*Asks:* 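I'd like to ask you about the structure that follows.
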Amino acid sequence: MRDGLIILLIFAIISFSLPLISVQEAKAAAVFPEEITLLREKTGEIITLSGKDYIKGCISAQIPIDYEQQALNAQAAAAATYALRLMADTRESEAPWGEADLSDSAAACQSYFDYEECIESYGEEYNEFLPKIEAAATFGLSHIITYEKEPIYAVYHSVNTGKTASPEIIWGRSFPYLKPVESPWDKSYINYECSNEMTTEEARRLLISHKSDIEIPADFGKWFSEINVNESGYVISLHLGKTLLSGGDMWRIFGLRSPAFEISYSDNVFTFKTKGYGHGVGLSQYGANEMAKSGKNAEEILRYYYSGVEIS
């Protein structure tokens, strides 16, 4: 098995890239189809595969497979539920991935690895973990997470600040089952706090790519002001000159590790100090693994991170 930290970082990148939540309210059945079609973004090919093979590929792409079985089970249920929710939202309108049911794009849908990609990521040792992945996929397909009898937006992330984030910060929308909950285990993550630097020119380019007519102050030291941070460390809002941005906007524009950050400026360089990894909403993969180590099962983990849900 490759170094555990490297693998965790790989999947953190994938898992914090979940798309914007749709505002549609399409009705959805809480049963995963036996077969789905999937758009492979790199090739443009649409493939047909069984529901179980799809979830196996999602697990392998989204969470370190050396995690505890119950954590993998919880992730599988979240992935299956999230896919059902997306399929329901696009059933009566044109999906961003065209004629396919789903896409393997982490930005537009959720990531998926085929067998060759799994071997490339994990090496031949991947085969040793297949029984765990099979078991998790079986669990996920038979444990759809619902609220008021419909699949939820079962979003997930790698590591939070010690408390999960509110979806309003990221997507500007609330959900009764995505309430912030304490997740103290996440603070023990080895790279819980990190910093990265960005030149002013690079920052300017990213801002203009986000909004071509954005007004950027001439004084770099006055770019960011009125930073509003909640008690969990997540940035709710800030001003770039006269432009109001959310913490989620900053997370997406600058590709930050999380929307929990501090900004400093010196010598044409911005330094972002972050806590956690990913948007912080919903299921914490790291927290789920720590809960599993303490004896919690997948249903207990899911009910902890998703408030007031049923497991159907």
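Just so it is clear, the structure is predicted and the values come from calculations on it, not from any experiment. Basis for what follows: all heavy atoms, side chains included, without hydrogens, waters or symmetry-related copies.
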*Asks:* Determine whether M250 and V235 make a side-chain contact, defined as any pair of heavy atoms from C-beta on separated by less than 4.5 Å.
*Replies:*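 With C-beta onward as the side chain, the pair stays apart.
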*Asks:* OG1 of T90 to CG of D101: how many Å apart, nearest 0.5 Å?
*Replies:*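 The distance works out to 8.0 Å.
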*Asks:* Measure across F139 and H143 and return the closest heavy-atom pair with its distance rounded to 0.1 Å.
*Replies:*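 For F139 versus H143, the nearest heavy atoms are O-ND1, 2.8 Å.
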*Asks:* Are L244 and I227 connected into the same hydrophobic cluster when the rule is that any two of I, L, V, M, F, W, Y join if their side-chain heavy atoms are below 4.5 Å apart?
*Replies:*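 No, no single cluster joins them.
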*Asks:* Tell me whether K149 is salt-bridged to E310, with the criterion being a basic N under 4.0 Å from an acidic carboxylate O.
*Replies:*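 Here K149 does not pair with E310 in a salt bridge, since their nearest N and O are not under 4.0 Å apart.
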*Asks:* Do S284 and H157 have side chains that get closer than 4.5 Å, going by heavy atoms?
*Replies:*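 Yes, at least one pair of side-chain atoms sits under 4.5 Å.
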*Asks:* Take Y115 and N127 through the side-chain hydrogen bond (donor to acceptor under 3.5 Å, both in side chains) test and state the conclusion after the steps.
*Replies:* CA-CA 10 Å; Y115 181 74; N127 293 310; 2.6 Å; yes
*Asks:* So, do I253 and L207 sit near enough that their side-chain heavy atoms are less than 4.5 Å apart?
*Replies:*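 In contact.
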*Asks:* Charged N to carboxylate O below 4.0 Å: is that the case for R40 and E117?
*Replies:*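 Here R40 pairs with E117 in a salt bridge, since their nearest N and O are under 4.0 Å apart.
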*Asks:* Does any non-hydrogen side-chain atom of L84 lie less than 4.5 Å from one of Y82?
*Replies:*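 Of all side-chain heavy-atom pairs linking L84 with Y82, none is under 4.5 Å.
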*Asks:* Using the benzene-type ring in the case of Trp, are the ring centres of F272 and F254 under 6.0 Å apart?
*Replies:*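 Between F272 and F254, the centre distance is under 6.0 Å.
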*Asks:* Does one side chain, of Y234 or S258, offer a donor that lies under 3.5 Å from an acceptor on the other?
*Replies:*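 Absent: no donor and acceptor within the cut-off.
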*Asks:* What's the verdict on side chain to side chain contact (heavy atoms under 4.5 Å, CB included) for T48 and I36, showing C-alpha distance, side-chain angles and the deciding distance?
*Replies:* CA-CA 6 Å; T48 300; I36 65 129; over 6 Å; no
*Asks:* Out of curiosity, L39 CG to S105 OG, how far, rounded to the nearest 0.5 Å?
*Replies:*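 If we round to the nearest 0.5 Å, L39:CG and S105:OG are 8.5 Å apart.
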*Asks:* Can you hop from L245 to I216 via hydrophobic side chains spaced under 4.5 Å?
*Replies:*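 Shared cluster, yes.
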*Asks:* If the plane angle is over 60° it's perpendicular, under 30° parallel, otherwise tilted; pick one for F270 and F224.
*Replies:*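 F270 and F224: perpendicular rings.
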*Asks:* Using a strict 4.0 Å threshold on nitrogen-to-oxygen distance, state whether K132 and D66 make a salt bridge.
*Replies:*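 So K132 does not pair with D66 through a salt bridge.
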*Asks:* Between I59 and L72, is there a side-chain heavy-atom distance shorter than 4.5 Å?
*Replies:*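 Touching, per the 4.5 Å side-chain cut-off.
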*Asks:* For the ring pair W251 and F261, is the centre-to-centre distance below 6.0 Å?
*Replies:*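 Ring-ring flag for W251/F261: false, centres at least 6.0 Å apart.
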*Asks:* Would you give the length of the straight line joining atom OG1 of T37 to atom CG of L102, rounded to the nearest 0.5 angstrom?
*Replies:*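 Here the interatomic distance stands at 7.5 Å.
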*Asks:* Begin from the C-alpha positions of T274 and E193 and carry the test side-chain hydrogen bond (donor to acceptor under 3.5 Å, both in side chains) through to its verdict.
*Replies:* CA-CA 6 Å; T274 58; E193 292 184 302; over 6 Å; no
*Asks:* State the CD1-CZ distance between I145 and R85, to the nearest 0.5 angstrom.
*Replies:*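 These two atoms lie 12.5 Å from each other.
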*Asks:* Assess the side chains of Y153 and D89: does a donor N or O sit below 3.5 Å from an acceptor N or O?
*Replies:*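 Yes - a donor-acceptor pair under 3.5 Å links their side chains.
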*Asks:* With a 4.5 Å heavy-atom cut-off, do Y156 and V281 have their side chains touching?
*Replies:*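 Sidechains of V281 and Y156: no contact.
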*Asks:* NE2/H279 to CG/N160 distance, rounded to the nearest 0.5 angstrom?
*Replies:*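 One finds 11.0 Å between NE2 of H279 and CG of N160.
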*Asks:* Salt bridge check: are R205 and E201 linked by an N-O gap of less than 4.0 Å?
*Replies:*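 No, this pair does not count.
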*Asks:* Is it true that, when you exclude K56 itself, more than 12 heavy atoms of the residues, nucleotides or ligands shown sit nearer than 6.0 Å to its NZ?
*Replies:*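 Count over threshold, so yes.
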*Asks:* Just by distance, no angles: are the side chains of T138 and K52 close enough, under 3.5 Å, to form a donor-acceptor pair?
*Replies:*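 There is such a pair (donor and acceptor under 3.5 Å, judged by atom type) between the side chains of T138 and K52.
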*Asks:* Given the side-chain rings of Y277 and Y189, with only the six-membered ring counted for Trp, is the space between their centroids under 6.0 Å?
*Replies:*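 Ring centres of Y189 and Y277 not closer than 6.0 Å.
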*Asks:* Rounded to the nearest 0.5 Å, how far apart are OG of S111 and CD1 of I63?
*Replies:*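 One finds 11.5 Å between OG of S111 and CD1 of I63.
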*Asks:* Taking it one step at a time, do S183 and Y305 satisfy side-chain hydrogen bond (donor to acceptor under 3.5 Å, both in side chains)?
*Replies:* CA-CA 9 Å; S183 189; Y305 283 108; 2.7 Å; yes
*Asks:* For a quick check under 3.5 Å, do Q69 and N73 share a side-chain donor-acceptor pair by atom type?
*Replies:*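 Yes, because at least one side-chain N or O of Q69 sits under 3.5 Å from a partner of the opposite role on N73.
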*Asks:* Could you check whether any side-chain heavy atom of C58 comes within less than 4.5 Å of a side-chain heavy atom of Q110, counting everything from C-beta outward?
*Replies:*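 With C-beta onward as the side chain, the pair touches.
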*Asks:* Can you name the side-chain contact (heavy atoms from CB on, under 4.5 Å) partners of E300, sequence neighbours left out?
*Replies:*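 Applying side-chain contact (heavy atoms from CB on, under 4.5 Å) to E300 gives K296, N297.
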*Asks:* Could you tell me whether the side chain of T200 reaches within less than 4.5 Å of the side chain of V269, counting heavy atoms only?
*Replies:*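 Contact flag for V269/T200 side chains = no.
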